Amino acid sequence: QKEVEQNSGPLSVPEGAIASLNCTYSDRVSQSFFWYRQYSGKSPELIMSIYSNGDKEDGRFTAQLNKASQYVSLLIRDSQPSDSATYLCAVTLSNTGNQFYFGTGTSLTVIP
Amino acid sequence: DTGVSQDPRHKITKRGQNVTFRCDPISEHNRLYWYRQTLGQGPEFLTYFQNEAQLEKSRLLSDRFSAERPKGSFSTLEIQRTEQGDSAMYLCASSLVEWGTDTQYFGPGTRLTVL
């Protein structure tokens, strides 16, 4: 079983809509959770981190963490064509130091 | 530019050759990570350093791979006797561990092509 799983998509939403990206993880005592955005041919760039249950908002982005259900999600409000990218979920697992485990990413396309 | 930098950005080599990549982290960051990413996959952890100490290596890491961070600043990743399966993007990330958090910032990557 993969440590971190994401729906690879592609996910398409119209401009101005809400995009919802989901991620599940296998280790119940995982500590830290991150969302990265990666444009084609580029390196990942950090969008948000979240450490405790609940919602965390930063501009148009909201991360949601539910440790009991072992999932973390990212909502993008008022989606823009520039949001079109692959979104990577990363998790640090409790027994493996501080290495990040990444999902395979979800490809998002925002249609103008 | 105060971000993570990597050199070279692209490397084409023939199978069997050795290659070395360099990473310069954000200056105050004490941790440095190496990842490998292939098309359609997320980054895969290779190894990381805290200051100059190499604290963890992936069990998937072949003994043809070696990494150093001699003075706790820049790091090098060497691949000996390259194979076509080594073709990938090699990513470096750095972080400053504080208050129990470890947020990693990535460099632009080195794309390796083994012919």
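Keep in mind it's a predicted model, so treat the numbers as computed, not measured. Both backbone and side-chain heavy atoms feed into the values below; hydrogens, waters and symmetry mates do not. All chains are named by letter (A, B, ...) in the order of the sequence lines, taking the proteins before the strands, and each is independently numbered beginning at 1.
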Legend entry - Closest approach of A/L88 to B/G42 (non-hydrogen atoms, all atoms of both residues):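 Taking A/L88 first and B/G42 second, the nearest heavy atoms are CD2-CA, 4.1 Å.
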Legend entry - Over all atoms of both residues, closest heavy-atom pair of A/Y36 and B/Q104: OH-O, 2.5 Å
Legend entry - OH on A/Y101 to CD on B/E44, rounded to 0.5 Å: 10.0 Å
So with a 6.0 Å cut-off around [atom1] of [X], is the heavy-atom count from everything else above 12?
X: B/E68; atom1: CD; answer: no
X: B/L39; atom1: CG; answer: no
X: B/K11; atom1: NZ; answer: no
X: B/R15; atom1: CZ; answer: no

Inset, instruction - Using non-hydrogen atoms and a 4.5 Å limit, figure out which bit of A/Q6 sits close to chain B: side chain, backbone, both or neither. - result: neither
Legend entry - Transitive ILVMFWY side-chain link B/F21 to B/L32, under 4.5 Å: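 The answer is yes; both residues are in one hydrophobic cluster.
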Legend entry - Shared hydrophobic cluster, B/I26 / B/L96 (ILVMFWY, side-chain heavy atoms < 4.5 Å): no
Legend entry - 4.5 Å side-chain heavy-atom contact, B/V4 and A/S43: no
Inset, instruction - Could you look at B/Q37 and say if it's the side chain, the backbone, both or neither that has a heavy atom under 4.5 Å from chain A? - result: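 For B/Q37, side-chain heavy atoms alone lie under 4.5 Å from chain A.
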Inset, instruction - Kindly assign one of parallel, tilted or perpendicular to the pair A/F102 and B/Y35, based on the angle between their ring planes and the thresholds 30° and 60°. - result: perpendicular
